[in-house]
Visitor: 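Quick one: the structure is below, and I'll ask about it shortly.
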Amino acid sequence: MALAQGQPPAGPRLILVGDSTMAPRSGYGNALCERFQQVACLNLARGGRSSKSYRAEDLWDTVLTLLRERGPGDTRQRNLVLIQFGHNDQPGKPGRSTDLATEFGPNLKAYVREVREAGAEALLITPLTRRSFKAGELPNDLRPWAEAVLQVGAELDVPVLDLNATSHAAVLALGQAGADELAESPPRFDRTHLGPKGAQLFAQQVAEGLLRLKPELASALTLRP
């Protein structure tokens, strides 16, 4: 979001880092950015990326370059980096999958450490739930990855927004028919990525979570009734 000329920022610059469930078009990231007033919000999430491939493809270097534009002593505007991975870290994705026990957590820790070294602040987000019901139940195969994110948060004292838990509860309450309304329209329909309705729902959940974790954002962030 562009700032009016001469107008000071109302809060930190947000940088979104993650996979397709956060990325433009297929995720909630742009809908989240639209809720911020007079705050720069950059959605650098990219489809198909994992905690390994986002770095391997040099996308993380772009983030670090942006962070270093404002040094630790520059108080004009802070940087807050929202980081969400998990979907493509799961097994079966050559070049992207990571081992849950030995790679995923350390990858996240490296991101947090490098954000802090650049004088910025990190906030971790657990992976958005998938929306495929089985026999009336909603499996949550991403929960182990969510728990790993929570563990990193506890170990490094970094805030964690548990989107996996809140999104799973919301989808479960909707049922399969209601959950299918959150998807992109055919022929792009699937039960992972988001259409406009899904993007708005989960952007609202993330916005509410951000206000709980970072109440100083209240003057910059719009919640919907």
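Index from 1, following the sequence. All heavy atoms count here, side chains included; hydrogens, waters and symmetry mates do not.
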Visitor: When you check the side-chain N and O atoms of Thr192 and Asp190, is any donor under 3.5 Å from an acceptor?
Guide: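 Looking only at side-chain atoms, Asp190 and Thr192 do not form any donor-acceptor pair under 3.5 Å.
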
Visitor: Ignoring hydrogens and angles, state whether a donor on the side chain of Arg35 or Gln204 is under 3.5 Å from an acceptor on the partner side chain.
Guide: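 Short answer, yes.
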
Visitor: Out of curiosity, does Leu32 fall in the hydrophobic cluster containing Leu223 (side-chain heavy atoms, cut-off under 4.5 Å, transitive links)?
Guide: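 Yes, Leu223 connects to Leu32 through the hydrophobic network.
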
Visitor: Please tell me whether Thr129 and Asn164 have a donor and an acceptor in their side chains that are separated by less than 3.5 angstrom.
Guide: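 Side chains of Thr129 and Asn164: no pair found under 3.5 Å.
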
Visitor: Got more than 12 heavy atoms from elsewhere within 6.0 Å of CG, Asp157?
Guide: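 Counting neighbours around CG of Asp157, 12 or fewer heavy atoms of other residues, nucleotides or ligands fall under 6.0 Å, so no.
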
Visitor: Start with the C-alpha distance between Glu117 and Arg68, add both sets of side-chain angles, then the distance that settles side-chain contact (heavy atoms from CB on, under 4.5 Å), and finish with yes or no.
Guide: CA-CA 10 Å; Glu117 289 172 352; Arg68 290 165 181 158; over 6 Å; no

Visitor: What are the two closest non-hydrogen atoms of Ala110 and Arg55, and how far apart are they?
Guide: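 Looking at all heavy atoms of both residues, the shortest contact is CB-NH2, 3.7 Å.
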
Visitor: Report yes or no: do Leu82 and Val39 belong to one cluster of Ile/Leu/Val/Met/Phe/Trp/Tyr joined by side chain heavy-atom distances under 4.5 Å?
Guide: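 Result: yes, single cluster for both.
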
Visitor: With Tyr111, which residues qualify under ring pair (Phe, Tyr, Trp, His ring centres under 6.0 Å), at least two apart?
Guide: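 So Tyr111 forms a ring pair (Phe, Tyr, Trp, His ring centres under 6.0 Å) with Trp60, Phe85.
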
Visitor: Indicate whether the side chain of Thr98 and that of Asp89 have a donor and an acceptor atom separated by less than 3.5 Å.
Guide: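 Per modelled atom types, Thr98 and Asp89 side chains form a pair under 3.5 Å.
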
Visitor: Keeping the roles fixed (side chain from Gln84, backbone from Pro127), state whether a donor-acceptor pair exists under 3.5 Å.
Guide: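 Not a single qualifying donor-acceptor pair exists.
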
Visitor: For Glu184 and Arg25: C-alpha separation, side-chain torsions, deciding distance, then whether side-chain contact (heavy atoms from CB on, under 4.5 Å) applies.
Guide: CA-CA 9 Å; Glu184 297 178 276; Arg25 190 193 60 74; 2.4 Å; yes

Visitor: Working note: Tyr28 + Leu201, criterion side-chain contact (heavy atoms from CB on, under 4.5 Å); need CA distance, chi angles, decisive distance, verdict.
Guide: CA-CA 8 Å; Tyr28 67 81; Leu201 171 62; over 6 Å; no

Visitor: Please assess Glu155 against Lys109 for the test side-chain contact (heavy atoms from CB on, under 4.5 Å), listing each intermediate value before the final yes or no.
Guide: CA-CA 9 Å; Glu155 291 178 5; Lys109 289 179 181 179; 2.5 Å; yes

Visitor: Tell me if a side-chain donor or acceptor on Ser97 pairs with a main-chain N or O of Pro94 at a distance below 3.5 Å.
Guide: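 Checking the backbone N and O of Pro94 against the side chain of Ser97, no donor-acceptor pair under 3.5 Å is found.
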
Visitor: Sequence neighbours left out, what pairs pass salt bridge (charged side-chain N to carboxylate O under 4.0 Å, His left out) with at least one residue falling in residues 166-181?
Guide: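 Found Asp180-Arg191, Glu181-Lys197.
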
